[in-house]
Amino acid sequence: LFTGSLNLQTHPWIADHAVLDTVLLPGTAYTDLALYAAAATGGNHVEDLVLEAPVALTGQSSLEVQMRVEPADGDNRRALTIHTRPAAVDRTDEPWTRHAHGTVADRPVAAAPVVSVWPPAGAAPVDTGRLYQDMTGAGLTYGPVFQGLAQAWQGEGGAVYATVELPDGTAHHEHPIHPALLDAALHAIALTAGGDGAGSGTRLPFAWGGVTLYASGARTLRVTVAPVPDSQDEYRLSLADETGQAVADVESLTLRPISAEQLAALRSAGQDPVYRVEWAPLSSTGTGRADEADGPWAVIGGSGVLAALQASGLDASGLATLDPAAPDADADADADADAGDPVARAHRLTAHVLGVVQRFLADEEAAGARLLVATSGAVAEPGAVPEPGGGVDLAAAAVWGLVRTAQSENPDRIVLVDHDGRPASLTGLAGVLAAGAAQVVVRDGRAAVPRLVKAAPGASGEGSAPASDETSATAPFGPDGTVLVTGGTGTLAAHTARHLVAAYGVRRLLLLSRRGPAADGARELVAELRESGAEALVVACDVADRAALAAVLAEHPVGAVVHTAGVLDDGVLPALTAERLAGVLRPKVDAAWHLHELTRESDLTAFVMFSSIAGTFGSPGQASYAAANAWLDALARYRRAEGLPAVSLAWGLWEQSSALTGGLDQADLARLSRGGVAPLPTGEALDLLDAALAAGHATCVTARLNMPVLRQQAAGGTLPGILRALVPAPARRASAVTTGLPERLAAVAAEERGALVLETVCGHIAAVLGHAGADAVDPGRPFQELGFDSLTAVEFRNRLAADAGLRLPATIVFDYPTATSLAEYLAGRLGDGGGAAAVQSDLARLETALLGMDRDSGVRTQLTMRLRALVERLDETPQRPVSAEETTDALSSASAAEVLDFIDRELGRAAQ
């Protein structure tokens with residue numbers, strides 16, 4: 001087994017080999033690998049080698065490579081295969097892609113042929129001056145390392161003779177035949193009758209046969225290539241060095257065409273995709289929840305929402321209103337004054353909602369209640385583009401970002417609904433709440449939930465530009481005009497500036513930051529950009545200061561904007577203050593709006609904002625940052641509705657440390673990975689930037705998802721709803737039974753249940769702290785001494801609550817500061833683990849069976865009616881206690897009717 005890695009940093013010469021604008025590992029590289037394997041196993045011959053799939057390389061992405069060589073058969077022949085997969089720690093379960101298979105052997109050679117006369121007598125010179133220009137026209141773009149054909153001659157019978165060589169300095173000695181040199185030898189095929197010149201299509205090596213190596217390490221080759229008679233795609237080659245000594249013979253090389261569509265699919269498969277949010281009908285989401293909407297419900301929203309819920313018979317009470325003209329006692333009395341100022345309203349409304357949500361979550365008397373936050377205009381109408389000037393409430397969008405984080409930190413306590421205020425939407429809110437979704441948009445009575453999907457270039461969807469908007473159909477940047485980049489010389493801004501110059505030909509940059517030329521690395525970045533052919537001006541300017549920004553723009557007009565600036569001030573929701581929130585909003589919200597207003601008449605070609613996945617996912621501990629970035633996403637939709645260019649990119653974590661992420665330690669990175677987001681190498685991030693700009697959507701999610709983690713979440717039923725289209729939950733057998741802590745307790749003897757609860761608690765502690773297992777946790781040591789912080793405590797509480805099937809207070813690790821004391825508390829909440837746990841287990845079994853039935857089944861309807869009637873009897877007088885043993889015995893032989901009778905009795909008693 002031969003192993004290695006492959007990327008454009010360790011093998012930069014591969015970047016000189018592009019086919020239809022895609023960098024591909026040349027087909028000759030597989031031959032090089034196979035000849036290496038032959039030599040390593042005592043052979044010199046590749047009997048056959050079939051190329052099954054090309055390898056595409058992008059940016060700084062890296063591939064693991066494996067070549068497997070089987071034991072020799074009776075004729076000393078060995079089968080081999082060549083595979084790759086993405087080289088990343090979070091992709092260890094990604095499947096390998098097989099790219100080639102073949103056979104190597106040892107072929108005795110009596111005497112290697114010698115080319116004594118060069119070129120052969122009678123050969124006529126061929127003009128090769130336009131060769132590489134013509135090949136570019138056919139989709140084959142070769143850089144200097146691959147432009148090795150120096151001279152060529154035409155011989156008899158369609159044969160072509162050529163001299164090819166590698167540029168000076170190319171490391172070739174470690175190769176049997178350097179792939180670029182062998183590839184250059186194939187360029188002579190374009191000079192044969194029916195060769196691969198312009199107009200003949202794009203053909204690549206498909207199959208090699210009878211490749212015999214005589215000598216390795218050549219830098220110059222004398223090539224003889226001739227078509228195989230009666231074949232349009234098969235050729236023979238003979239290779240010799242500059243002295244005429246034989247290097248290799250190829251008995252047969254077969255070419256096959258490749259299409260642009262094939263390579264486009266290859267590019268998509270070879271890199272992390274760009275995602276977008278689309279809205280799926282609530283009725284088809286398959287959440288599998290049977291929660292009723294019965295309250296109590298606390299409501300933050302317009303006055304019509306509370307009235308509609310109460311009219312539906314729900315136990316609902318109003319906490320606060322979001323009506324701008326009707327501020328409640330906790331809101332700013334000057335709400336009307338900032339109604340026309342999106343920035344002021346965003347600050348006021350998010351601070352107001354933060355305070356209300358904090359009080360709700362801290363209220364012990366509301367521990368059994370759920371919170372509804374109802375907005376209008378926070379989310380774009382599914383499948384539609386808002387009319388100019390309407391439909392987008394930027395402040396409400398910021399509220400959604402803030403509350404998404406509150407939801408992540410407090411699962412199953414808060415629901416977000418964005419509605420259009422129409423009667424059908426308001427009267428249907430009770431049904432929406434009963435469905436159990438955490439985030440819903442309701443338009444004209446139709447409810448939909450968010451789902452992350454791969455963004456196809458130019459596809460329509462939430463936030464897409466109107467068909468008449470051409471801003472996303474052309475290159476957003478170019479050599480004309482100045483590009484303004486906020487964040488100045490910071491990590492993301494600097495990488496973006498370099499990329500704009502290298503990839504788009506930008507020649508003038510205006511880099512704005514608070515420190516300007518005094519910032520670390522500013523002088524070096526300007527010098528580097530100048531060497532690349534661009535002039536960069538670094539200016540000290542607080543972009544959130546409208547007057548200061550206006551003065552800069554008056555002196556330096558710009559043609560495009562890239563807004564990368566931002567700050568972090570992370571903390572769990574209870575620790576946030578309005579002041580901390582404002583400090584995070586200012587460089588995102590205030591600055592972006594000033595840029596929007598002050599460039600509105602500038603005929604920009606691009607307005608790109610660096611948002612964050614926190615605003616889409618609601619990252620724990622980042623409520624302020626989520627609010628700020630959700631506002632940017634909404635601003636992109638707002639600008640598109642006004643006919644202005646805009647795209648907001650919701651970035652995941654960049655692998656390279658920056659001012660924003662420099663404070664993250666290994667525990668923080670591990671927590672992010674457990675959440676399903678993996679770090680993005682800079683090269684891949686810039687590739688995603690290009691892909692997102694080409695996709696044409698107003699908002700895109702540009703992140704690397706940790707798919708193994710997400711698949712584990714899906715299997716365990718904890719996958720966030722927004723990801724269910726990407727990682728569908730695995731199908732469950734109808735007889736499957738959940739294995740939460742109550743079910744595990746029901747399966748063990750009474751004397752073992754206390755130890756099981758303690759082991760469970762320690763297991764979750766180990767998981768959030770990154771320990772190998774529960775044995776690594778001292779159950780008597782306080783959580784704080786074990787290494788808990790506020791975010792660790794939130795993650796631990798949520799994991800334990802999901803496992804135990806209980807709603808646990810946010811202060812659980814303070815109320816019960818050791819694993820031992822917490823386990824005793826849990827054991828008390830779960831009872832003795834006998835009858836109550838057995839009933840829960842039986843209910844889980846019943847739930848699975850019911851959900852597996854046909855939705856239109858008459859039996860299911862009857863069972864549903866009976867269960868609802870049962871709920872109404874929960875306050876009846878309890879009967880004689882039933883043991884776990886009786887429960888098991890009864891159910892093992894019971895009929896369906898007897899099971900329902902049993903549930904009538906047991907659920908009623910358990911409720912007492």
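All figures in this text were calculated on a predicted structure; none of them were measured in a lab. Sequential numbering from 1 along the given sequence is applied to the chain's residues.
Checking side-chain atoms of Ser513 against main-chain N and O of Gly516 turns up a donor-acceptor pair under 3.5 Å. Under the 3.5 Å distance criterion, the side-chain polar atoms of Thr605 are matched with a main-chain donor or acceptor of Pro476. A donor-acceptor pair is defined here as one N or O able to donate and one able to accept, closer than 3.5 Å; such a pair exists between the side chain of Asn629 and the backbone of Tyr625.
In terms of heavy-atom proximity, Ile14 sits nearest to Pro26 at CG2-CD, 4.5 Å. Closest approach of Ala15 and Leu8 over heavy atoms only: N-CD2, 3.9 Å.
Taking the side chain as every heavy atom from C-beta outward, Val453 and Tyr275 never approach each other to under 4.5 Å. For the pair Pro645 and Arg639, the minimum side-chain heavy-atom distance is below 4.5 Å. Inter-residue side-chain proximity for Leu57 and Leu24 is flagged as unmet; no heavy-atom pair is nearer than 4.5 Å. Using a 4.5 Å heavy-atom cutoff, the side chains of Thr702 and Ile613 are not in contact.
Screening Thr28, Thr170, Asp32 for a side chain to side chain donor-acceptor pair (under 3.5 Å) involving His175 leaves a single residue, Asp32.
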List the steps and the verdict of side-chain contact (heavy atoms from CB on, under 4.5 Å) for Arg704 and Leu688. CA-CA 10 Å; Arg704 171 188 278 186; Leu688 290 182; over 6 Å; no
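Under the rule for a ring-ring contact (aromatic ring centres under 6.0 Å, His included), the partners of His17 that lie at least two apart in sequence or sit in another chain are Tyr142, Phe146. Applying the side-chain hydrogen bond (donor to acceptor under 3.5 Å, both in side chains) rule to Thr482 yields the partners Arg508; only residues at least two apart in sequence or on another chain are considered.
Aromatic ring pairs are classed by plane angle as parallel below 30°, tilted from 30° to 60° and perpendicular above 60°; the pair His187 and Tyr132 is perpendicular.
A donor and an acceptor atom, one from each side chain of Asp545 and His594, are nowhere located under 3.5 Å apart. A donor-acceptor pair shorter than 3.5 Å cannot be found between the side chains of Thr699 and Asp633.
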